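Just so it is clear, the structure is predicted and the values come from calculations on it, not from any experiment.
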Amino acid sequence: MWIQYHEELIVLHIIRLLTAIYTRRAIPYHGDVKTYAPRSAFLPTTQEDLHVRSWDQIDIAFISADAYVDHPSFGAPLLARLLESEGYRVGIIAQPDWNSTKDFLKMGKPRLCCMISGGNIDSMVSHYTANNKPRSEDEYSPGGKARLRPDRPTLVYTAKARQAYGSSVPIIIGGLEASLRRLSHYDYWTDKVRKPIILDAKADLLVYGMGERQSLEIVKRLDQGEAIQSMVDIKGTVYATSRAKFQQDLMSTIELPSFEEVGDRDKQSNTPTEQGKQAYAKAFQIQLMHQNPIRGKRIIQACMDRLVVQNPPALPLDEEQFDRLYELPFTLDAHPDYQKDGGVPALNEVQFSLTSNRGCYGSCSFCAITSHQGRMIQTRSKASLIKEARRMTQHPAFKGYIHDLGGPTANFQGLACDQQIENGPCPAKECLWPKPCSNLKDYHGRYLDLLQALEAVKGVKKVFIRSGIRYDYLLEVCDKQTRERFMHHLVQNNVSGQLKVAPEHVSPAALDAMGKPTAELFDAFSTLYQDATEQAGKKQYLIPYFIAAHPGSTLEDAITLALYLEKTHFIPDQVQEFYPTPGTVSTCMYYTGLDPRPGKRFTSIHIPKGRERHLQRALLQYNKPENRALVLEALEKANRKDLTRVLLARRYTS
């Protein structure tokens, strides 16, 4: 898809995306982000830019809901640079005014196609908190200004682009917003099941996943004169057709319950029926089991008189392709047009970060990474990372610090197992949860080698690790000697005062629903980290993240977590409240009350809603005076008023 990674408090691009999806508070933006590269180094954005290049027309109009930042952490520029490297003339239309066609036509009508992305962050998450309150800032807009993109920009931009360019210009949608809505999906903001987005948008084709292979093939075939309507065989794409025109013999096909079935509502009460929720959970499980680029099957879903067809996922990039992608001539700056606004805040922490890997097999129920990056890890070569680091050291703003080396999970540095080469990920078995698979391979030695190589680059003072580390992988898969070497190097060289990890909860039931490791493993890692820190003679802290009101978490579970926090003398400054976003197992749980994971047999699961969400959140910050009444109410409802003195007395008695 046209994005790179995906929550709302961890610093760096990957975690910025994830944090935004799961509503941790945004990182404050202070000061300007200066642009050093000349305008000519960027892709064209105006008619004047075309004149400078002596172009009379662009081949591809790339429309994005994000501001234009020429950095590989931003999806639209990443794909635009890739297409440019193949000789195509690409123009960027960033955050166009959607009230007219003027901005859409500022570089004229594209020769080949229009590509549309809703941006690095889902627009609805960018605009609204987990409690549906409007946000006042947008990190992916100039100066952090809010509302420079519409709600659901993929729909809005597609309609306006069609009006501007007419029916002769193919419109391809992609990005996070489209990728996670490619089939019928539950929409938290309207509290109903919506149709596949390709039908709502009336686009010609949808690209899901990371998008490089698909975009290149689509544009190449368009350039050769092929009609967009005939491109029904491209992996990693979704198209709509009629059942009469559907070519059944192309490849093995699985049919999901229809949109009408998964979204069935009672006609009198207008509430979802049990049959509808069961059909939704079944459809989601089928999708979950066939996210396999090696042996995946085509999936179809009927919606009214149309048939939506999802081809199998695109193949992962090999090392050479991955290297080439990140060695394209990015300026690492925001476009000069934003200089007057102080730049684009999202660039702050990612400007000098290095992406070493893609994909995640971490099994977290609340994360949508596997829905677009997949479970197969893709990695870059050491030589390519060193080359990029050397280029960074030449940037005028570089101060010697590489802010991150990683990906969705920093210490996942290779395929989970050798079997994935021929078979792809196991359809009904997770790599790490509930216990690590015996075939799981360890790559901490490789990661340590990368860190040391980059630290040796002239001009680099420090390499920090700010993307996620899976401590269960380190503790249960890595051998003792390598683990000790890795931990020593981590605390000595790669932590800036704090290391952030995500245990998310301590209750076994809640952790099981989340697909997270046991609390005992987090405690073991805490001890290991503290010991290594003391041996290094440093004062560094472990900062855990926790989720309130996740499916499977009862009020009793929240009290268990509160007692754990009281015992360990740690109260989180921010609490992540579960945010149901398209594409995650947890969102399916939230809507249906059923666990769709293979092996769980659609068992019922508790779903905190309404006031209980607020009570669970308050328990995680029981020491705040404004939460006293909620904590008392929670303890009373759980028949645990005996804990009042433990959680409240020492903080509120005069």
Side-chain angles (χ1 to χ4, degrees), residues 1 172-174 178-186 193-211 213-214 217-218 221 226-264 275-276 278-316 370-372 374-376 420 422-429 582-583 585 588 596-598 602:
M1 61 181 200
I172 300 109
I173 58 175
S179 189
L180 300 185
R181 291 168 170 81
R182 57 189 183 260
L183 296 167
S184 298
H185 55 279
Y186 171 69
V193 175
R194 289 179 68 104
K195 292 183 289 186
I197 194 172
I198 193 169
L199 297 180
D200 276 342
K202 299 180 176 61
D204 294 298
L205 201 61
L206 180 154
V207 168
Y208 73 93
M210 296 305 285
R213 290 183 181 275
Q214 305 95 299
E217 183 171 355
I218 292 165
R221 288 165 66 167
E226 185 176 343
I228 192 75
Q229 292 78 15
S230 69
M231 297 184 195
V232 297
D233 59 334
I234 300 174
K235 283 191 167 190
T237 64
V238 175
Y239 66 94
T241 186
S242 66
R243 194 174 284 274
K245 293 181 179 178
F246 177 61
Q247 300 179 45
Q248 182 68 45
D249 60 341
L250 276 180
M251 61 185 81
S252 181
T253 303
I254 298 173
E255 183 159 5
L256 302 179
S258 68
F259 164 73
E260 288 78 9
E261 291 175 297
V262 301
D264 187 46
Q275 295 92 328
Q278 289 169 7
Y280 187 98
K282 179 182 177 182
F284 188 87
Q285 184 187 83
I286 294 171
Q287 296 173 58
L288 199 64
M289 294 177 67
H290 289 88
Q291 292 177 352
N292 186 329
I294 308 299
R295 295 187 179 274
K297 297 183 179 181
R298 185 174 57 179
I299 291 175
I300 61 174
Q301 186 175 48
C303 181
M304 297 182 286
D305 60 342
R306 304 286 283 166
L307 201 64
V308 175
V309 184
Q310 174 188 291
N311 286 322
L315 292 171
T370 54
S371 292
H372 40 267
R375 291 170 58 193
M376 295 183 68
Q420 287 192 350
E422 293 186 2
N423 299 311
C426 297
K429 184 181 179 182
V585 170
C588 179
R597 293 174 294 179
F602 303 108

Just jot down the salt bridge (charged side-chain N to carboxylate O under 4.0 Å, His left out) partners of Glu255, sequence neighbours excluded, or say none. Arg243

Less than 4.5 Å apart, any side-chain heavy atom of Asp204 and any of Ile172? no

Gap separating the CG atom of Leu180 from the NE2 atom of His372, nearest 0.5 angstrom: 5.5 Å

Hey, does Thr237 have a side-chain heavy atom less than 4.5 Å from the side chain of Tyr208? no

OG of Ser371 to CG of Leu288, rounded to nearest 0.5 Å, is 7.5 Å

To the closest 0.5 Å, what do you measure between CD1 (Ile173) and NZ (Lys202)? 11.5 Å

Could you tell me whether the side chain of Val238 reaches within less than 4.5 Å of the side chain of Val309, counting heavy atoms only? no

For Lys235 and Pro293, indicate whether the former's side chain and the latter's backbone hold a donor-acceptor pair under 3.5 Å. yes

Shortest non-hydrogen contact between Met231 and Arg221, atoms and distance: CE-CB, 3.5 Å

Note: Ser230 and Ala227 closest approach over all heavy atoms is OG-O, 2.8 Å

Measuring from atom CD of Gln291 to atom CZ of Arg375, what distance do you get when rounded to the nearest 0.5 angstrom? 9.0 Å

Under the side-chain contact (heavy atoms from CB on, under 4.5 Å) rule, what do Arg597 and Gln285 come out as? Steps first, then yes or no, please. CA-CA 6 Å; Arg597 293 174 294 179; Gln285 184 187 83; over 6 Å; no

Any non-hydrogen side-chain atom of Pro596 less than 4.5 Å from a side-chain atom of Val585? yes

Is there a side-chain contact between Ile254 and Ile300 in this structure, where contact means two heavy atoms from C-beta onward sitting under 4.5 Å apart? no

Can any side-chain N or O of Arg181 pair as donor or acceptor with the backbone N or O of Lys195 at less than 3.5 Å? no

Within this structure, what is the CG-CD1 distance for the pair Asn423 and Ile294, rounded to the nearest 0.5 Å? 8.5 Å

Taking the side chain as every heavy atom from C-beta outward, state whether Met376 and Pro425 have any atom pair closer than 4.5 Å. yes

Main chain of Asn311, side chain of Tyr239: is a donor-acceptor contact present, judged purely on distance under 3.5 Å? no

Using the ring pair (Phe, Tyr, Trp, His ring centres under 6.0 Å) criterion, which residues pair with Phe284? Sequence neighbours excluded. none

Would you say the side-chain atoms of Glu261 pair up with the backbone N or O of Ser258, donor to acceptor, closer than 3.5 Å? yes

Would you say Gln301's side chain and Leu256's backbone share a donor-acceptor pair under 3.5 angstrom? no

Close side-chain approach of Leu205 to Ile218, heavy-atom, < 4.5 Å: yes

Taking atom SG of Cys588 and atom OH of Tyr280, what is their separation to the nearest 0.5 Å? 6.0 Å

Can you name the nearest heavy-atom pair linking Ser184 to Val193, along with the distance? CB-CG1, 4.2 Å

Is there a side-chain contact between Ser242 and Leu307 in this structure, where contact means two heavy atoms from C-beta onward sitting under 4.5 Å apart? no

For the pair Arg306 (side chain) and Cys303 (backbone), establish whether a donor and an acceptor sit closer than 3.5 Å, ignoring hydrogens and angles. no

Can you name the nearest heavy-atom pair linking Asp264 to Gly276, along with the distance? CB-CA, 4.0 Å

Strictly distance-based, threshold 3.5 Å: is any side-chain N or O of Gln310 a donor or acceptor partner for the main-chain N or O of Ile299? no

Heavy-atom closest contact (Met289 atom, Ala428 atom, distance): CE-CB, 4.1 Å

Could you please spell out the steps behind the side-chain contact (heavy atoms from CB on, under 4.5 Å) verdict for Tyr186 and Val262? CA-CA 9 Å; Tyr186 171 69; Val262 301; over 6 Å; no

Between Ile198 and Ala240, the two heavy atoms sitting closest are CD1-N, 4.1 Å

Heavy-atom count check: over 12 atoms from other residues, nucleotides or ligands less than 6.0 Å from Lys282 NZ? no

Taking 4.0 angstrom as the limit, do Asp233 and Arg298 come out as a salt bridge? no

I'd like to know if Glu217 and Arg213 make a salt bridge, using a cut-off of under 4.0 Å between side-chain N and carboxylate O. no

Kindly indicate, with the supporting measurements, whether the criterion side-chain contact (heavy atoms from CB on, under 4.5 Å) is fulfilled by Thr241 and Val232. CA-CA 10 Å; Thr241 186; Val232 297; over 6 Å; no

